[in-house]
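Below is one structure, written out as structure tokens, with a few remarks after it.
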Amino acid sequence: MTIGFEENEPLLNGDAQSKSLFSYPDLTETTNHRESYGTVKIGIQQPVETRNLIYTWDNLDVFGEVASQPSNGGLCTRMRQCFSGKNRTPMRTRKHLLKNVSGYARSGELLAILGSSGAGKTTLLNTLAFRSPTGIHVSSSSVRALNGVPLTASDLRARCAYVQQDDLFIGSLSAREHLIFQALLRMDKDIPYKQKLARVDEVIREVLKNVVEKGKIVILTIHQPSSELYSMFDKLLLMANGRVAFYGTPAQASQFFMSVGRPCPPNYNPADHFIQVLAIQSHHEEESRESITKICDAYDRDEIASDVKKTIKDQKCNDGLPVMIDGGVMRYRAPWMVQIRAILWRSWISMIKDPILMNVRLFQTVTVSFLIGLIFFQQKLDETGVMNINGAIFLFLTNMTFQNVFAVINVFTGELPVFLRETRSHLYRPDTFFLGKTLSELPLFIVIPIIFTAVAYPMVGLIGGFYHFFIASCIMALMANAATSYGYLISSISSSTSMALSIGPPVVIPFLLFGGFFLNSASVPFYFSWLSYLSWFRYANEALLINQWAEVEPGEIACNRANISCPASGTIVLETLNFSEDNFMLDIGGLVFLLVFFRFLAFLALYYKARTDHFIQVLAIQSHHEEESRESITKICVAYDRDEIASDVKKTIKDQKCNDGLPVMIDGGVMRYRAPWMVQIRAILWRSWISMIKDPILMNVRLFQTVTVSFLIGLIFFQQKLDETGELPVFLRETRSHLYRPDTFFLGKTLSELPLFIVIPIIFTAVAYPMVGLIGGFYHFFIASCIMALMANAATSYGYLISSISSSTSMALSIGPPVVIPFLLFGGFFLNSASVPFYFSWLSYLSWFRYANEALLINQWAEVEPGEIACNRANISCPASGTIVLETLNFSEDNFMLDIGGLVFLLVFFRFLAFLALYYKARSKE
């Protein structure tokens with residue numbers, strides 16, 4: 001903890017375990033150092049000549065809740081307890097963490113809190129900084145005061161910044177850039193920018209002791225400092241088992257431990273000696289506790305402890321102490337506009353420091369738009385071209401939506417801990433953070449859709465003229481930013497990126513259905529009509545189609561195929577979809593509204609998080625002891641290396657001779673597997689199933705999502721009338737040790753998940769099929785269920801392939817969805833199958849969408865006779881029978897068995913490629 005007298009206080013701390021401990025003056029936050037200590041820094045706006053502050057704490061008693069072990073009763077017992085209301089939560093007991101701790105720190109002093117692991121160092125520092133995590137309770141009799149003035153959490157946070165054991169900041173910023181950001185927000189607004197930069201450079205040149213010499217109060221916790229660092233301490237506070245074992249100067253510490261019969265040996269680090277004396281030895285725990293109690297009792301009786309109590313008691317209330325609290329509301333040092341500029345600057349620096357992500361987005365945009373342009377290249381205005389152009393336009397919207405949603409879905413979840421810490425310290429307001437963050441990304445989300453449109457628009461052959469191109473680009477930019485706003489909302493309401501990825505894409509589905517492509521806008525059920533007004537697909541699709549077809553006069557669309565429904569003009573195309581030219585400005589207004597509305601909801605969610613005490617307490621401090629554990633392990637290993645046992649082991653190894661009779665597992669240079677092939681399969685199947693059973697949440701989420709989405713689709717289309725990369729390290733390690741073969745792992749892993757990927761599509765079909773009102777009869781339902789199961793497993797095989805060739809989950813998520821797009825296009829829905837360019841015809845045979853879509857439509861329409869489809873609307877193209885529906889899409893009943901065979905082929909083919917990729921990884925690592 002550092003209490004300063006200048007206008008701004010120290011900022012940066014280095015690693016106390018290596019080299020030296022640094023603290024730089026004049027700013028009040030910290031860079032990202034994973035340290036084994038914590039430091040609190042407090043800045044008071046006070047004249048330099050009155051440097052007589054003293055921070056005191058008296059009678060600190062701190063308790064922590066510990067959950068008792070839950071009952072081991074059976075399932076029925078636990079269910080009875082749940083429904084009866086008994087024992088719903090395990091009993092919690094209180095543990096006394098700090099016991100009557102008192103002390104003080106003066107201006108110009110460096111106070112180090114020392115102790116072994118579990119002694120209470122971090123708990124004490126958290127208590128002094130009012131940063132105790134959830135479950136920690138400070139006694140009401142405890143007093144923390146500055147110059148005798150009792151402090152509250154708000155008072156201290158107004159003057160204090162805190163370096164936690166695992167501190168947080170934007171990882172892509174350098175230390176200097178982070179200091180600049182802090183200077184912009186913490187230094188007075190009247191200070192020129194160049195002077196702020198000069199101060200930052202000065203901060204970097206200063207070290208901890210210089211800070212102390214300038215009148216700061218520095219309190220830190222540290223585990224086993226070096227002798228060099230120990231010599232810098234003005235005062236020591238030794239903790240043991242939650243009690244004060246000693247408080248005073250290093251020289252007094254040596255005299256005190258000599259008086260209790262535990263003197264420090266010559267040429268020995270005093271800090272190491274004190275910590276060792278006050279540590280609880282696991283093999284002599286009872287003796288260690290008795291020894292610690294004696295030392296703490298001796299300190300309580302010592303004159304030094306009496307002097308500490310007297311100093312605390314003599315402190316008087318300092319009425320002249322200036323504060324930074326006005327009317328109970330903490331002030332921000334930087335004005336609103338300065339906060340915006342600082343956050344904009346930091347966000348831009350973060351983007352510039354990580355150019356790969358921006359380059360990937362731009363490359364993906366150009367590649368996908370060029371690919372779509374090639375597939376839909378130069379469509380003609382005929383009955384097939386109308387279908388293809390409408391499909392291309394809707395694909396524009398789909399691609400932009402998912403690309404932008406996935407681009408921002410982790411924006412706020414990734415920076416949430418930093419945001420909460422910095423808003424908690426009143427570095428900036430939640431609204432300035434939200435505005436700065438979203439404004440910094442706005443240019444990119446304007447440029448990307450314009451680039452996409454500029455590439456794909458002329459290649460597809462959409463309506464000519466700069467005016468129409470400009471209108472289409474503006475609509476795409478508005479739609480992309482509305483989708484981005486939705487992504488911001490999902491990111492703001494989610495507690496983690498994985499949660500955002502789980503809930504974001506499924507929620508897009510209803511908005512997608514209301515776009516007018518999958519479901520005619522006139523067929524939206526009344527109970528979902530309100531939801532259709534929140535669909536950016538609806539507004540953007542109608543606006544783009546109006547821009548495309550409104551000026552196409554009768555006769556411009558060629559109708560060349562007999563018995564095929566063909567719209568005579570652009571107006572009929574719009575009327576077929578129940579779109580109207582009069583709605584164009586309403587569509588533009590709807591996109592603008594959704595852009596603002598979703599962002600406003602996202603801001604409210606972020607603001608709520610910033611103001612919720614639960615999140616503040618949970619994320620205030622991470623109480624890990626990684627460094628202490630590593631040092632403890634190192635000590636044990638070093639002690640073992642010096643022990644006679646280690647010498648005996650080396651001697652035994654050296655004395656060993658080659659044992660010719662020893663059985664080996666090497667035959668011809670190839671290591672044998674102990675378990676037969678079938679045993680390996682069964683073992684991997686068993687382990688995979690155990691993993692799924694031990695983590696039922698994922699399976700439950702999948703089943704719930706399947707039922708929910710299918711039910712939602714069923715409601716929307718209700719009774720329509722005839723109008724894992726995660727296991728790669730384990731796999732590589734276990735195959736290297738020849739625990740099992742790569743093929744047995746792959747087969748066991750995929751077979752273990754096969755039942756789930758059969759059950760899920762069947763459940764989906766069972767819910768949605770009858771609700772939509774597809775063709776009746778168990779036979780047709782059974783055929784549809786089988787096709788869905790085959791298609792789902794072919795898609796799963798593709799997922800296995802992407803997972804096998806990827807080095808990480810993030811890489812798989814980056815390359816998987818874009819590669820799906822060409823397969824999606826060849827399904828016959830966005831693009832008529834007869835319109836597939838010859839240079840992509842080979843790729844169409846790898847599309848599971850193509851085979852499954854044709855097979856399902858044959859199952860649906862093959863038996864629909866002429867006259868069963870009612871054509872009630874004049875001037876609207878209408879197929880007379882199911883055969884004409886299939887012919888319009890260039891599908892044929894004769895291809896049914898070929899489609900089933902194609903799905904089976906892809907199921908096997910993609911899995912075989914996935915196995916080869918996995919096998920290559922296993923062999924390349926050997």
Side-chain angles (χ1 to χ4, degrees), residues 376 378-397 453 456-458 460-476 478-479 513-524 529 532-533 535-591 720 722-723 829-832 835 869-880 884-885 888-889:
F376 291 91
Q378 293 301 308
Q379 293 296 313
K380 298 179 180 179
L381 284 184
D382 55 21
E383 62 270 23
T384 302
V386 169
M387 170 188 166
N388 293 341
I389 287 174
N390 290 350
I393 288 175
F394 197 79
L395 193 62
F396 288 4
L397 307 180
T453 309
Y457 191 97
V460 175
L462 300 183
I463 189 168
F466 178 77
Y467 171 77
H468 290 288
F469 168 75
F470 176 76
I471 292 297
S473 299
C474 292
I475 294 171
M476 287 292 291
L478 278 174
M479 188 281 306
L513 295 178
F514 296 134
F517 190 75
F518 295 100
L519 176 70
N520 193 288
S521 58
S523 302
V524 176
S529 58
S532 67
Y533 293 105
S535 171
W536 57 91
F537 289 98
R538 167 187 171 171
Y539 300 119
N541 190 33
E542 184 174 31
L544 286 173
L545 290 179
I546 291 172
N547 182 63
Q548 171 65 29
W549 297 115
E551 297 182 7
V552 176
E553 301 296 335
E556 293 187 34
I557 299 177
C559 298
N560 303 320
R561 300 170 61 189
N563 299 324
I564 300 298
S565 57
C566 177
S569 65
T571 302
I572 294 179
V573 174
L574 296 175
E575 290 178 355
T576 303
L577 299 170
N578 277 94
F579 289 159
S580 173
E581 299 176 38
D582 299 332
N583 294 337
F584 183 79
M585 292 309 298
L586 291 176
D587 294 329
I588 300 300
L591 289 174
Q720 293 294 309
L722 292 181
D723 71 91
F829 198 72
F830 292 96
L831 177 70
N832 192 288
S835 303
I869 299 177
C871 298
N872 302 321
R873 300 171 62 192
N875 299 324
I876 300 299
S877 57
C878 177
I884 295 179
V885 174
T888 303
L889 298 170

Please confirm whether the backbone N or O of [Y] pairs with a side-chain atom of [X], one donor and one acceptor, at under 3.5 Å?
{"X": "Glu542", "Y": "Ser580", "answer": "yes"}
{"X": "Tyr457", "Y": "Gly464", "answer": "no"}
{"X": "Gln378", "Y": "Pro458", "answer": "yes"}
{"X": "Asp382", "Y": "Gly385", "answer": "yes"}

How close do [X] and [Y] get, counting heavy atoms only, and between which atoms?
{"X": "Trp536", "Y": "Met479", "value": "CD1-SD, 3.6 Å"}
{"X": "Cys559", "Y": "Pro567", "value": "SG-O, 4.1 Å"}
{"X": "Phe579", "Y": "Gly515", "value": "CZ-O, 3.8 Å"}
{"X": "Phe584", "Y": "Ile475", "value": "CE1-CD1, 4.0 Å"}

(request) Measure the shortest side-chain to side-chain distance between Ile389 and Phe376 over non-hydrogen atoms and say whether it is less than 4.5 angstrom. (result)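 Ile389 does not reach Phe376 side chain to side chain.
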
(request) Evaluate side-chain contact (heavy atoms from CB on, under 4.5 Å) for Leu381 paired with Trp549, printing each intermediate quantity in order. (result) CA-CA 11 Å; Leu381 284 184; Trp549 297 115; 3.6 Å; yes

Once rounded to the nearest 0.5 Å, what's the spacing between atom [atom1] of [X] and atom [atom2] of [Y]?
{"X": "Thr576", "Y": "Leu545", "atom1": "OG1", "atom2": "CG", "value": "11.0 Å"}
{"X": "Tyr467", "Y": "Asn547", "atom1": "OH", "atom2": "CG", "value": "7.0 Å"}
{"X": "Ser532", "Y": "Phe537", "atom1": "OG", "atom2": "CZ", "value": "14.0 Å"}
{"X": "Cys474", "Y": "Leu591", "atom1": "SG", "atom2": "CG", "value": "11.5 Å"}
{"X": "Phe394", "Y": "Leu577", "atom1": "CZ", "atom2": "CG", "value": "10.5 Å"}
{"X": "Leu478", "Y": "Tyr539", "atom1": "CG", "atom2": "OH", "value": "13.0 Å"}

(message) With side-chain contact (heavy atoms from CB on, under 4.5 Å) as the test, pick out the partner of Leu544 among Ile471, Asn390, Leu397.
(response)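 Answer after filtering Ile471, Asn390, Leu397: Leu397.
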
(message) Please determine whether side-chain contact (heavy atoms from CB on, under 4.5 Å) holds for the pair Glu581 and Thr571, giving the CA-CA distance in whole Å, both sets of side-chain angles, and the decisive distance to 0.1 Å.
(response) CA-CA 8 Å; Glu581 299 176 38; Thr571 302; 3.9 Å; yes

(message) Could you go through Thr384 and Asn388, starting from their C-alpha distance and side-chain angles, then the distance that decides it, and tell me whether this counts as side-chain contact (heavy atoms from CB on, under 4.5 Å)?
(response) CA-CA 6 Å; Thr384 302; Asn388 293 341; 3.6 Å; yes

Show me the donor-acceptor pairs within less than 3.5 Å that the side chains of residues 550-557 make with the rest of the protein, sequence neighbours left out.
residue, atom, partner, partner atom, Å
Glu551, OE1, His468, NE2, 3.2
Glu556, OE2, Glu553, N, 3.1

(request) In sequence, state the C-alpha distance, the side-chain angles, and the governing distance for Phe396 and Leu462, and then conclude on side-chain contact (heavy atoms from CB on, under 4.5 Å). (result) CA-CA 12 Å; Phe396 288 4; Leu462 300 183; 4.0 Å; yes

